[in-house]
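Reviewing the structure listed below.
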Amino acid sequence: MASMLASMGKPTLHYFDVNGRGEVSKMVAAVGGVEIDVVEYPFEANGASASDKLKAGPMESAHTKAATAMGMEGCGLPIIVHGDLKINQSFACQNYLASIGPKYPKVTPQQKALDDMFMGYLEDIMGLAAGVILSEGDGALVPVFMSKTLTTLSKHIPASGFVHGLSTPTIADICVLVLTQALIPFGATLGDGAAETYGKFPEAVALGERTAAFPAIAKFLPTEDCCLKKPPRAARA
């Protein structure tokens with residue numbers, strides 16, 4: 001498989017210039033030792049949910065034009081292009097990068113199922129919090145749903161090490177890092193209440209910190225491609 005992947009060149013990840021749904025893919029690639037190219041687009045959207053987007057109607061922006069040019073008209077970001085492969089949707093992108101990463105841990109079906117569960121919880125609250133930013137949703141719901149999310153996930157978080165007890169973090173650990181440290185949409189919507197919300201879940205916060213300290217991720221975080229704690233580029237000093 002290594003020779004086939006080498007012949008395909010580097011995967012290209014297309015995403016906005018914020019954390020959002022793209023950052024997990026970037027960190028999965030970093031952990032797995034997959035060198036990727038990242039193409040960024042200004043953060044523009046016509047809603048957070050499918051319902052919001054359908055009500056707003058089609059939009060024309062840099063990322064929608066790019067998707068059309070790639071033969072993926074109507075597909076949202078993230079998008080990965082790797083050789084002839086063109087995929088979108090967060091789960092597909094994250095799992096693909098994990099599957100081709102030579103350094104990504106070889107997980108059991110049970111461990112992968114747990115990783116997928118963490119991804120699902122991240123997606124659920126990502127949609128809620130993004131709706132506050134994009135669709136004037138109720139910001140008071142974010143700390144409530146974050147607490148619900150972390151209450152469930154904390155049942156699977158160990159006092160030390162990573163979720164699966166491996167020496168390397170997997171998608172589950174990376175999701176917790178994003179849940180506890182990302183500016184967009186979590187820090188931005190929790191605001192001054194972030195410390196109170198996260199203070200109830202020291203195990204999750206500690207896991208996020210351990211994951212951030214893992215060498216491959218620690219190397220990625222200061223790079224230009226990392227948007228974990230950054231606003232859109234237009235708002236950066």
So the ring pair (Phe, Tyr, Trp, His ring centres under 6.0 Å) pairs with at least one residue in residues 152-178 (sequence neighbours excluded) are none
Asp116 meets the side chain to side chain donor-acceptor pair (under 3.5 Å) criterion, sequence neighbours left out, with Lys112
Among the clusters formed by ILVMFWY side chains lying less than 4.5 Å apart, do Ile133 and Val144 turn up in the same one? no
OG (Ser25) and CD1 (Ile79) are apart, to the nearest 0.5 Å, by 12.0 Å
Sorted by chain and residue number, the ring-ring contact (aromatic ring centres under 6.0 Å, His included) partners of Tyr121 (sequence neighbours excluded) come out as none
Notebook entry, point to check: Is it the case that more than 12 heavy atoms not belonging to Gln89 sit under 6.0 Å from its CD atom?
Noted result: no
| query | Less than 4.5 Å apart, any side-chain heavy atom of Leu207 and any of Thr211? | reply | yes
Heavy-atom closest pair (Ile87 atom, Ala92 atom, distance to 0.1 Å) is CD1-O, 3.7 Å
Contacts satisfying salt bridge (charged side-chain N to carboxylate O under 4.0 Å, His left out) that involve residues 25-37 (not counting sequence neighbours) are Lys10-Glu35, Lys10-Asp37, Glu23-Lys26
- Item | Heavy-atom side-chain proximity of Asp124 to Phe145 below 4.5 angstrom | yes
When rounded to the nearest 0.5 Å, the distance separating CG of Asp225 from CD1 of Ile36 is 7.0 Å
**Request:** Would you indicate whether the side-chain heavy atoms of Pro11 and Ile100 approach each other to under 4.5 Å?
**Result:** yes
Ser160 meets the side-chain contact (heavy atoms from CB on, under 4.5 Å) criterion, sequence neighbours left out, with none
Would Glu224 and Val38 count as a side-chain contact (heavy atoms from CB on, under 4.5 Å) here? Give the steps.
CA-CA 10 Å; Glu224 187 67 16; Val38 177; over 6 Å; no
- Message: What I'd like to find out is whether the side chain of Pro143 reaches to under 4.5 Å of the side chain of Leu190, using heavy atoms alone.
- Response: yes
Note: Ala130 and Pro185 closest approach over all heavy atoms is N-CB, 3.9 Å
Solution key, residues 192-199 side-chain donor-acceptor pairs under 3.5 Å, sequence neighbours excluded:
unit_1, atom_1, unit_2, atom_2, d
Thr197, OG1, Gly193, O, 3.1
Tyr198, OH, Leu179, O, 2.6

Residues at least two apart in sequence or cross-chain that pass side-chain contact (heavy atoms from CB on, under 4.5 Å) with Ser167, listed by chain then number, are none
For residues 79-119, the ring pair (Phe, Tyr, Trp, His ring centres under 6.0 Å) pairs (sequence neighbours left out) are His82-Tyr96
- Walk me through it: do Leu221 and Lys229 pass the test side-chain contact (heavy atoms from CB on, under 4.5 Å)? CA-CA 9 Å; Leu221 291 177; Lys229 300 181 181 181; over 6 Å; no
To the nearest 0.5 Å, atom CZ of Phe186 lies from atom CE of Met126 at 4.0 Å
Exercise answer: donor-acceptor pairs, residues 12-20 side-chain atoms, under 3.5 Å, sequence neighbours excluded:
unit_1, atom_1, unit_2, atom_2, d
His14, ND1, Tyr41, OH, 2.7
Tyr15, OH, Arg21, N, 2.6
Asp17, OD1, Phe43, N, 3.1
Asp17, OD2, Arg233, N, 3.0
Asn19, ND2, Ile184, O, 2.8

Applying side-chain contact (heavy atoms from CB on, under 4.5 Å) to Pro42 and not counting sequence neighbours gives Glu44, Ala62
Gln111 and Thr170: side chain donor to acceptor below 3.5 Å
no
Residues Thr223 and Lys230: closest non-hydrogen pair is O-NZ, 3.2 Å
Quick note, salt bridge (charged side-chain N to carboxylate O under 4.0 Å, His left out) partners involving residues 208-222, not counting sequence neighbours, are none
Problem - Cys175 side chain near Ile171 side chain, heavy-atom distance below 4.5 Å - result: yes
| Are Val24 and Leu122 side-chain neighbours, meaning at least one heavy-atom pair lies under 4.5 Å? | yes
In short, Pro102 meets Val34 closest at the heavy-atom pair CD-CG2, 4.2 Å
Rounded to the nearest 0.5 angstrom, the CE-NZ distance for Met70 and Lys86 is 8.0 Å
Shortest non-hydrogen pair, Pro78 vs Cys93, comes out as O-SG, 3.8 Å
Sub-4.5 Å side-chain heavy-atom contact between Cys227 and Glu40
yes
Contacts of Glu73 meeting side-chain contact (heavy atoms from CB on, under 4.5 Å) (sequence neighbours excluded), chain-then-number -> Thr68
> Does any non-hydrogen side-chain atom of Gln181 lie less than 4.5 Å from one of Val205?
Replying inline: no
- Query: Is it the case that one hydrophobic cluster holds both Val176 and Leu166, taking links as side-chain heavy atoms less than 4.5 Å apart, direct or via other members?
  - Reply: no
Between Ala29 and Leu97 the two heavy atoms that sit nearest each other are CB-CD1, 4.4 Å
Interatomic distance, CG@Leu228 vs CG@Leu183, rounded to 0.5 Å, equals 8.5 Å
Could you see if Val31 belongs to whatever hydrophobic cluster contains Val107? Use Ile, Leu, Val, Met, Phe, Trp, Tyr and a side-chain cutoff under 4.5 Å. no
d(Thr64 OG1, Met72 CE) to nearest 0.5 Å is 13.5 Å
Check the hydrophobic clustering (I, L, V, M, F, W, Y; side-chain heavy atoms under 4.5 Å; chains of links allowed) and say if Ile125 and Met117 are grouped together.
yes
